[in-house]
**Student:** 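Before I ask anything, here is the structure I am working with.
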Amino acid sequence: AAPPCAELRPVAQPHASACKCTQVHLHAEETGRGAVGETGVMTRDASQQPTEFIRTMADGTTKQVNPLSGTKVWTVPGRGDRPLGLVPPDVKDLVAQDFTSSCAFCSERYLETPPEKVRSVLAAGSAEGSRFVRLRGLTPAEVTSQVAEFRRIPNLFEIMSVDYWQANHGYTFDDAIEARRRAYEAADGGREHLLRLARVRLGKRAEAATDAELLDAAGDFFASTHDVIVGRRHYVDGATRSDQLASSGALTPTEHREYLDLTIDAMAELYATNPHVRYVAAFQNWLKPAGASFDHLHKQIVGIDEFGTSTDLDIDAARRDPRVFEELIAYARSHDLVVAENAHAIAFAGFGHRYPSIEIWSTSGTCEPWLMTDDERHAMADLVHATHAATGADVPCNEEWHHRPPSMSAVEIPWHVVLKWRIANLAGFEGSTKIYLNTISPAGVRDRVVPALRRLQDEGRLAPGIRL
């Protein structure tokens, strides 16, 4: 069995001076860590100069370095006062059909998406959003007979196809996946649904394909390693205008817990059903500038056969210094960047990211989210929900998850989520220097988020147990 991740205990430190230009150094001698090296990662050579992850220059420019990746970020004074949110074009009044048919994720268009793997619905007799049950193995008729609170479906245009896994790793369907495929095809409307979706996925290649070939291609939906977890709402309940979209922050805390639980269960299932998956990337793109295909709330999970650069950097950092993540949180606290915390998680304004960011870290003694207790998972869900609500539905953002891969039990990498505000366009300066300009400093992010969180807490919209 994998050893548990050592419980993070952020070092209690006094809040920084009210003067937000105060420069705070993290000395190598104090942390057992050296400076960021030329490779962009931390070294352990204590003879190097003190590590300064956040520096404020004489003119007010803030220079940041990410302690894990080495990414350099500058915030220039006077560029962060403009509004963050998008001004959507062509705002219109809504009619009843807009709530159910605005995009392929909406409830009257369920059969425009591949066969469901699982859905979450309200339990009979429960108050709205208070208790959920999961349903699997539904036929097309059952899919369309009830509105789901959340659905897990294969991505119609996946990043890594089943063909990839078969050609490169010799992957084969297990018996349960094959049985599900046959049952769905035999159900009323199943064959037609699969043929239609196979034609959409294959495009021009479908023109010369036989029905048997199309059905064979559609079988890949049932073994997909790229799934989407979709919320019920396109617009908030009671919306009257098309700019009133239902973001993560518009969910109730209980709904958001179920949303994350369904995502976490899907991650664990991908690891369990495809032995060639080394890492499951989980993320959410909100609004088109952040990469979303639809302005309808959804997360994505993608099984891949390598770790990726971010995970490699986390592993390398943890191997060099097992306390590196504790020290990162302590550094954020020493800069007075913490915006919220609860019994098992902490959120702070991130530093050294290409975009203004909020980081949410689990302080559980368990690294894998699917092995955590309900309270530990829900503590993370509550802070992710709170920071989305404070950000606002009109701000494009990416929600990026980071966790310890199951095969790396020898290192301790706490589950953490980074919420990045996609409010700037990368251009020639960034491309030529690899220095990224942010319009808002970490302290500026904090100063926007904390008052919003206080207001939301006063309105009763945040989960209980959150300390600001």
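Residue numbers count from 1 along this sequence.
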**Student:** Under the ring pair (Phe, Tyr, Trp, His ring centres under 6.0 Å) test, which residues partner Trp401, sequence neighbours left out?
**Tutor:**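 Partners of Trp401 by the ring pair (Phe, Tyr, Trp, His ring centres under 6.0 Å) criterion, ordered by chain and then number, come out as Trp415.
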
**Student:** For His385 and Glu255, test the side chains for any donor-to-acceptor distance below 3.5 angstrom and give the result as yes or no.
**Tutor:**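 There is no such pair between these side chains.
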
**Student:** I want to check something: taking the side chain as every heavy atom from C-beta on, are Ile346 and Ile360 in contact at a cut-off of under 4.5 Å?
**Tutor:**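 Answer no - side chains too far apart.
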
**Student:** Return the set of residues passing side-chain contact (heavy atoms from CB on, under 4.5 Å) with Glu306 (not counting sequence neighbours), or none when no residue passes.
**Tutor:**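 Checked Glu306 against side-chain contact (heavy atoms from CB on, under 4.5 Å); zero matches.
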
**Student:** At their closest point, which heavy atom of Leu251 faces which heavy atom of Leu297, and how far apart are they?
**Tutor:**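 In this case the closest contact between Leu251 and Leu297 is CD1-CD2, 3.9 Å.
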
**Student:** Do Gln300 and His226 have side-chain atoms, one donor and one acceptor, less than 3.5 Å apart?
**Tutor:**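 There is such a pair (donor and acceptor under 3.5 Å, judged by atom type) between the side chains of Gln300 and His226.
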
**Student:** Considering all heavy atoms of both residues, which atom of Cys106 and which atom of Thr100 are nearest to each other, and what is their separation?
**Tutor:**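 Closest heavy-atom pair between Cys106 and Thr100: CB-O, 3.0 Å.
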
**Student:** Which heavy-atom pair separates Val162 from Ala223 by the least distance, and what is that distance?
**Tutor:**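 Heavy-atom minimum between the residues: CG2-O, 3.8 Å.
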
**Student:** Is there a side-chain contact between Glu158 and Thr225, using heavy atoms and a 4.5 Å cut-off?
**Tutor:**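 No, side chains not in contact.
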
**Student:** For Phe157, does the six-membered ring have the charged nitrogen or CZ of Arg201 within the cation-pi criterion, i.e. under 6.0 angstrom from the centroid and within 45° of the normal?
**Tutor:**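 That pair does not qualify as a cation-pi contact.
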
**Student:** Write out all pairs satisfying ring-ring contact (aromatic ring centres under 6.0 Å, His included) with one or both partners inside residues 203-223, taking only residues at least two apart or from two chains.
**Tutor:**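 Every ring-ring contact (aromatic ring centres under 6.0 Å, His included) pair that includes a residue of residues 203-223, provided the two are not neighbours, is Tyr184-Phe222.
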
**Student:** Quick one, Asp188 and Thr139 - any side-chain contact, counting heavy atoms below 4.5 Å?
**Tutor:**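 Of all side-chain heavy-atom pairs linking Thr139 with Asp188, none is under 4.5 Å.
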
**Student:** Asp374: which residues meet the salt bridge (Lys or Arg N to Asp or Glu O under 4.0 Å) condition with it, sequence neighbours left out?
**Tutor:**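 If we apply the salt bridge (Lys or Arg N to Asp or Glu O under 4.0 Å) test to Asp374, skipping adjacent residues, the hits are Arg377.
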
**Student:** Looking just at side-chain N and O atoms, do Gln284 and Ser248 make a donor-acceptor pair shorter than 3.5 Å?
**Tutor:**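 Their side chains do contain a donor-acceptor pair, which is all the 3.5 Å distance test asks for.
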
**Student:** For His276, what residues pass the side-chain hydrogen bond (donor to acceptor under 3.5 Å, both in side chains) criterion, not counting sequence neighbours?
**Tutor:**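 Residues passing side-chain hydrogen bond (donor to acceptor under 3.5 Å, both in side chains) with His276: none at all.
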
**Student:** Show your reasoning for whether side-chain hydrogen bond (donor to acceptor under 3.5 Å, both in side chains) applies to His256 and Asp382.
**Tutor:** CA-CA 7 Å; His256 193 260; Asp382 292 346; 6.0 Å; no

**Student:** For residues Ile358 and Ala347, report the shortest heavy-atom separation together with the two atoms involved.
**Tutor:**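 Where Ile358 meets Ala347 most closely, the heavy atoms are CG2-CB, 4.5 Å.
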
**Student:** Answer yes when Glu185 and Arg182 have at least one side-chain N-carboxylate O distance shorter than 4.0 Å, and no when they do not.
**Tutor:**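 Looking at Glu185 and Arg182, the cut-off is not met.
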
**Student:** Which heavy atom in Ser441 sits nearest to a heavy atom in Gln64, and how many Å separate them?
**Tutor:**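 In this case the closest contact between Ser441 and Gln64 is CA-NE2, 4.5 Å.
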
**Student:** Give a yes-or-no answer on whether the side chains of Glu149 and Ser120 include a donor-acceptor pair shorter than 3.5 Å.
**Tutor:**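 Looking only at side-chain atoms, Ser120 and Glu149 do not form any donor-acceptor pair under 3.5 Å.
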
**Student:** Would you tell me whether Gln146 and Tyr110 have side-chain atoms, one donor and one acceptor, within less than 3.5 Å of each other?
**Tutor:**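 Short answer, no.
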
**Student:** Not counting sequence neighbours, which residues clear side-chain hydrogen bond (donor to acceptor under 3.5 Å, both in side chains) with His234? List them please.
**Tutor:**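 His234 satisfies side-chain hydrogen bond (donor to acceptor under 3.5 Å, both in side chains) with His296 only.
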
**Student:** Salt bridge check: are Glu412 and Arg404 linked by an N-O gap of less than 4.0 Å?
**Tutor:**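 Looking at Glu412 and Arg404, the cut-off is not met.
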
**Student:** So Leu328 and Phe348, do their side chains get closer than 4.5 Å, heavy atoms only?
**Tutor:**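 Touching, per the 4.5 Å side-chain cut-off.
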
**Student:** Contact between Asp265 and Arg134 at the side-chain level, heavy atoms closer than 4.5 Å - yes or no?
**Tutor:**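 Yes - at least one pair of side-chain heavy atoms lies under 4.5 Å apart.
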
**Student:** Less than 3.5 Å apart, any donor N or O on the side chain of Thr252 or Thr254 sitting next to an acceptor on the other?
**Tutor:**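 No pair is found: no donor N or O on one side chain lies under 3.5 Å from an acceptor on the other.
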
**Student:** Does any N or O in the side chain of Glu112 come within less than 3.5 Å of the main-chain N or O of Arg109, such that one atom is a donor and the other an acceptor?
**Tutor:**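 Not at all, since once roles are kept as given, no pair shorter than 3.5 Å links the two residues.
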
**Student:** Applying side-chain contact (heavy atoms from CB on, under 4.5 Å), name anything that partners Glu269, two or more places apart in sequence or on another chain.
**Tutor:**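 Checked Glu269 against side-chain contact (heavy atoms from CB on, under 4.5 Å); matches are Arg136, Arg152, Thr273.
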
**Student:** So, Arg241 and Asp93, do they make that salt bridge, N to O below 4.0 Å?
**Tutor:**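 Salt bridge between Arg241 and Asp93, a charged N being under 4.0 Å from a carboxylate O: no.
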
**Student:** Phe325 vs Trp361 aromatic rings, parallel, tilted or perpendicular, using cut-offs 30° and 60°?
**Tutor:**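 Aromatic pair Phe325/Trp361 classed tilted.
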
**Student:** With no hydrogens and no angle check, do the side chains of Ser224 and Asp227 hold a donor and an acceptor under 3.5 Å apart?
**Tutor:**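 Yes, Asp227 and Ser224 have a side-chain donor paired with an acceptor closer than 3.5 Å.
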
**Student:** Under 3.5 Å, side chain of Asn168 to main-chain N/O of Trp165, donor-acceptor pair present?
**Tutor:**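 Between the backbone of Trp165 and the side chain of Asn168 there is no qualifying donor-acceptor contact (under 3.5 Å).
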
**Student:** For the pair Asp211 and Arg199, evaluate salt bridge (charged side-chain N to carboxylate O under 4.0 Å, His left out) and give the outcome as yes or no after the intermediate values.
**Tutor:** CA-CA 10 Å; Asp211 282 1; Arg199 291 189 180 99; 3.5 Å; yes

**Student:** Determine whether the aromatic ring centres of Tyr331 and His335 lie less than 6.0 Å apart.
**Tutor:**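 Tyr331 vs His335: aromatic centres under 6.0 Å.
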
**Student:** Are the side chain of Thr144 and the backbone of Ala141 linked by a donor-acceptor contact shorter than 3.5 Å?
**Tutor:**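 Such a contact is found between Thr144 side chain and Ala141 backbone.
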
**Student:** Could you tell me whether Arg181 and Asp216 have a side-chain N and a carboxylate O separated by less than 4.0 Å?
**Tutor:**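 The answer is no: the pair does not qualify as a salt bridge.
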
**Student:** Scan for side-chain hydrogen bond (donor to acceptor under 3.5 Å, both in side chains) pairs involving residues 452-468, sequence neighbours excluded, and state none if there are none.
**Tutor:**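 As it turns out, there is no side-chain hydrogen bond (donor to acceptor under 3.5 Å, both in side chains) pair with a partner in residues 452-468 once direct neighbours are skipped.
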
**Student:** Would you confirm whether Asn285, through its side chain, and Ala292, through its main-chain N or O, come within 3.5 Å as a donor-acceptor pair?
**Tutor:**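 No.
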
**Student:** Would you say Leu260 and Lys299 make side-chain contact, with heavy atoms under 4.5 Å?
**Tutor:**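 A side-chain contact exists here, since the closest heavy-atom pair is under 4.5 Å.
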
**Student:** Between Trp421 and Ser357, is any side-chain donor less than 3.5 angstrom from a side-chain acceptor?
**Tutor:**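 Not at all, the side chains of Trp421 and Ser357 share no donor-acceptor pair under 3.5 Å.
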
**Student:** Using a strict 4.0 Å threshold on nitrogen-to-oxygen distance, state whether Lys204 and Glu207 make a salt bridge.
**Tutor:**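 No, Lys204 and Glu207 are not salt-bridged.
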
**Student:** What residues form a salt bridge (Lys or Arg N to Asp or Glu O under 4.0 Å) with Glu142, not counting sequence neighbours?
**Tutor:**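 Salt bridge (Lys or Arg N to Asp or Glu O under 4.0 Å) list for Glu142, sorted by chain: empty.
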
**Student:** So, using side-chain contact (heavy atoms from CB on, under 4.5 Å) as the criterion, who are the partners of Thr373 when residues are at least two apart?
**Tutor:**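 By the side-chain contact (heavy atoms from CB on, under 4.5 Å) rule, Thr373 matches Asp375, Glu376.
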
**Student:** Among all residues two or more places apart in sequence or in another chain, which pass the side-chain contact (heavy atoms from CB on, under 4.5 Å) test with Phe99?
**Tutor:**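 Per chain and number, Phe99 pairs via side-chain contact (heavy atoms from CB on, under 4.5 Å) with Leu94, Tyr235, Ala239.
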
**Student:** Hey, is Asp237 close enough to Arg232 for a salt bridge, meaning N to O under 4.0 Å?
**Tutor:**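 Yes, this pair counts.
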
**Student:** Any carboxylate oxygen within less than 4.0 angstrom of a Lys/Arg side-chain nitrogen, looking at Arg333 and Glu341?
**Tutor:**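 Salt bridge between Arg333 and Glu341, a charged N being under 4.0 Å from a carboxylate O: yes.
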
**Student:** Can His353 and Asn438 be counted as having a side-chain donor-acceptor contact under 3.5 angstrom?
**Tutor:**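 No pair is found: no donor N or O on one side chain lies under 3.5 Å from an acceptor on the other.
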
**Student:** For the backbone of Pro414 and the side chain of Ser362, can you confirm whether one donor and one acceptor N or O come within less than 3.5 Å of each other?
**Tutor:**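 Checking the backbone N and O of Pro414 against the side chain of Ser362, no donor-acceptor pair under 3.5 Å is found.
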
**Student:** Of all heavy-atom pairs between Ile229 and Ala266, which one has the smallest distance, and what is that distance?
**Tutor:**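 Taking every non-hydrogen atom into account, CD1-CB, 4.5 Å.
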
**Student:** For Tyr279, what residues pass the ring pair (Phe, Tyr, Trp, His ring centres under 6.0 Å) criterion, not counting sequence neighbours?
**Tutor:**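 By the ring pair (Phe, Tyr, Trp, His ring centres under 6.0 Å) rule, Tyr279 matches His403.
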
**Student:** Taking the side chain from Thr366 and the backbone from Glu368, do they hold a donor-acceptor pair closer than 3.5 Å?
**Tutor:**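 Absent.
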
**Student:** Do the side chains of Arg196 and Glu192 get close enough for a salt bridge, i.e. N-O under 4.0 angstrom?
**Tutor:**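 Salt bridge absent between Arg196 and Glu192.
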
**Student:** Hey, does Thr75 have a side-chain heavy atom less than 4.5 Å from the side chain of Thr439?
**Tutor:**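 They are not in contact (no side-chain heavy atoms under 4.5 Å apart), so the answer is no.
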
**Student:** May I ask you to test the Leu453-Ile466 pair for a side-chain heavy-atom distance under 4.5 Å?
**Tutor:**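 A side-chain contact is absent here, since even the closest heavy-atom pair is not under 4.5 Å.
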
